[in-house]
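Just below is one structure, and these are the notes that go with it.
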Amino acid sequence: MKNLVVYILVLFTFSCTENKKMIKGETPFQRKMNAEFKDASRSPLKSKDLKNFEGLDFFPYDSTYVVTATLKRTPDSKWFNMKTSTNRLSKERILGVLTFELKGQTYQLNAYQGEELMQTEGFENYLFLPFLDHTNGVSTYGGGRYIDLEIPEGDIIEIDFNSAYNPLCAYNEKYSCPIVPRANYVDMAVEAGVKAFKK
């Protein structure tokens with residue numbers, strides 16, 4: 001009898017594990033992205049793509065793509081209309097210029113602050129870092145990728161290119177996504193973060 005109870009428990013545990021598919025991902029960022037994309041209530045995927053979705057394609061995590069940047073603030077920068085993938089214009093300003101070294105080269109990228117997000121609870125300190133690089137249109141989305149940052153108290157900020165992700169319009173044209181300004185070009189192949197989505 002005891003053996004039968006143990007067998008039933010093992011069988012039950014095994015079937016539950018089989019039914020609940022593990023969320024794929026090498027890092028917490030990758031698992032979080034995949035969990036959001038699998039969740040039909042939050043996923044940007046079209047229903048036909050969601051049906052067969054198993055996980056996004058990522059570059060392997062590489063610690064050399066985690067850099068420390070200096071933020072030089074630009075308090076006098078003016079608001080401007082950033083173009084998007086639709087007719088919508090996103091009101092942004094350059095909060096500051098980020099200077100960092102990556103793979104032995106020094107780069108500078110503009111960090112943006114959106115007027116609408118500034119007034120949204122929980123996003124008051126949000127900093128938007130869109131960028132282009134040599135992988136665009138090859139192994140990554142042609143329009144470039146984004147990184148989410150928070151405004152630091154001082155002038156030092158960490159940028160993790162392993163957390164670079166695609167604009168939502170890479171998955172579904174119904175979304176309106178800011179177009180990455182040409183000024184934010186990293187003159188190398190940034191092989192980190194999310195790769196292009198294969199539909």
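There is a path of hydrophobic side-chain contacts, each under 4.5 Å, that joins L98 to M188. Cluster annotation: L117 is connected to M82 through the hydrophobic network of ILVMFWY side chains, with a link wherever side-chain heavy atoms come within less than 4.5 Å. Grouping the Ile, Leu, Val, Met, Phe, Trp and Tyr side chains by contacts below 4.5 angstrom, directly or via other members, places V180 apart from V97. Y65 and Y185 end up in different hydrophobic clusters when Ile, Leu, Val, Met, Phe, Trp and Tyr side chains are linked at under 4.5 Å.
Under the 4.5 Å side-chain criterion, counting only non-hydrogen atoms from C-beta, K83 is not in contact with P178. In this structure the side chain of L127 never reaches within 4.5 angstrom of the side chain of Y112, judged on heavy atoms. Looking only at side-chain heavy atoms (C-beta outward), L149 and Y126 stay at 4.5 Å or farther from each other. Using a 4.5 Å heavy-atom threshold, the side chains of Y165 and R145 count as separate. Looking at heavy atoms from C-beta onward, Q108 lies out of side-chain contact with F100 at the 4.5 angstrom threshold. A heavy-atom distance below 4.5 Å is found between the side chains of N166 and Y171. Residues L71 and P152 form a side-chain contact, since some pair of their non-hydrogen atoms from C-beta on lies under 4.5 Å apart. Within the 4.5 Å cutoff, the side chain of C177 has heavy atoms near those of the Y146 side chain.
For the pair N81 (side chain) and L89 (backbone), a donor-acceptor distance under 3.5 Å is absent. A side-chain donor-acceptor contact under 3.5 Å links D133 to the backbone of V190. With T27 contributing its side chain and Q30 its backbone, the two residues share a donor-acceptor pair below 3.5 Å. Here the side chain of T140 pairs a donor or acceptor atom with the backbone of T135 at under 3.5 angstrom. Judged by distance alone, the side chain of N162 and the main-chain N or O of S63 form no donor-acceptor pair under 3.5 Å. The backbone N or O of D160 lies less than 3.5 Å from a partner atom in the side chain of S163, making a donor-acceptor pair. Formation of a donor-acceptor pair under 3.5 Å by the T74 side chain with backbone atoms of L95 is found in this model. The backbone N or O of S90 lies less than 3.5 Å from no partner atom in the side chain of E92, so there is not a single donor-acceptor pair. T84 places a side-chain N or O within donor-acceptor distance of the main-chain N or O of R88, the cut-off being under 3.5 Å.
With a 6.0 Å cutoff to the six-membered ring centre and a 45° limit on the axis angle, K195 does not count as a cation-pi contact of F58. Taking the centre and axis of the six-membered ring of F37, the NZ or CZ atom of K32 falls outside the cone set by 45° and 6.0 Å.
Residue E101 comes nearest to T106 through the heavy atom pair OE1-OG1, 4.1 Å, listed as atom of the first residue, atom of the second, then distance. Closest approach of N110 and A183 over heavy atoms only: ND2-CB, 4.0 Å. F59 approaches S139 most closely through the heavy-atom pair CZ-OG, 3.5 Å. The two residues K38 and L50 come nearest to each other via the heavy atoms O-CD1, 3.9 Å.
To the nearest 0.5 Å, the span separating CG on D148 from CG on L129 amounts to 9.5 Å. How far CG of D76 is from CZ of R93: 10.5 Å, rounded to the nearest 0.5 Å. Here CD of E124 is found 9.5 Å from CE of M118. Values are rounded to the nearest 0.5 Å. Distance check, rounded to the nearest 0.5 Å: CD1 of I157 to OG1 of T99 gives 12.0 Å. With rounding to the nearest 0.5 angstrom, the CH2 atom of W79 is 11.5 Å from the CD1 atom of I94.
L109 pairs in a side-chain contact (heavy atoms from CB on, under 4.5 Å) with only one of the listed residues (V186, L132, I159), which is V186.
R42 and D39 are joined by a salt bridge, as a carboxylate oxygen and a charged side-chain nitrogen come within less than 4.0 angstrom of each other. No salt bridge links E191 with K103; every basic N to acidic carboxylate O contact stays at or beyond 4.0 Å.
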Y107/D187 under side chain to side chain contact (heavy atoms under 4.5 Å, CB included): CA gap, chis, key distance, verdict:
CA-CA 8 Å; Y107 296 100; D187 193 11; 4.2 Å; yes

Go through the steps to decide whether N136 and Y141 satisfy the test side chain to side chain donor-acceptor pair (under 3.5 Å), and finish with yes or no.
CA-CA 5 Å; N136 301 150; Y141 178 61; over 6 Å; no

Passes side chain to side chain contact (heavy atoms under 4.5 Å, CB included), K174 versus L168? Steps please.
CA-CA 9 Å; K174 78 173 185 182; L168 294 182; over 6 Å; no

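Counting non-hydrogen atoms of other residues, nucleotides and ligands closer than 6.0 Å to CD of Q119 gives a total above 12. When the shell of 6.0 Å around NZ of K91 is examined, it contains 12 or fewer heavy atoms from other residues, nucleotides or ligands. Within 6.0 Å of the CZ atom in F29, the count of heavy atoms belonging to other residues, nucleotides or ligands exceeds 12.
F131 and F161 have their aromatic ring centers within a separation under 6.0 angstrom.
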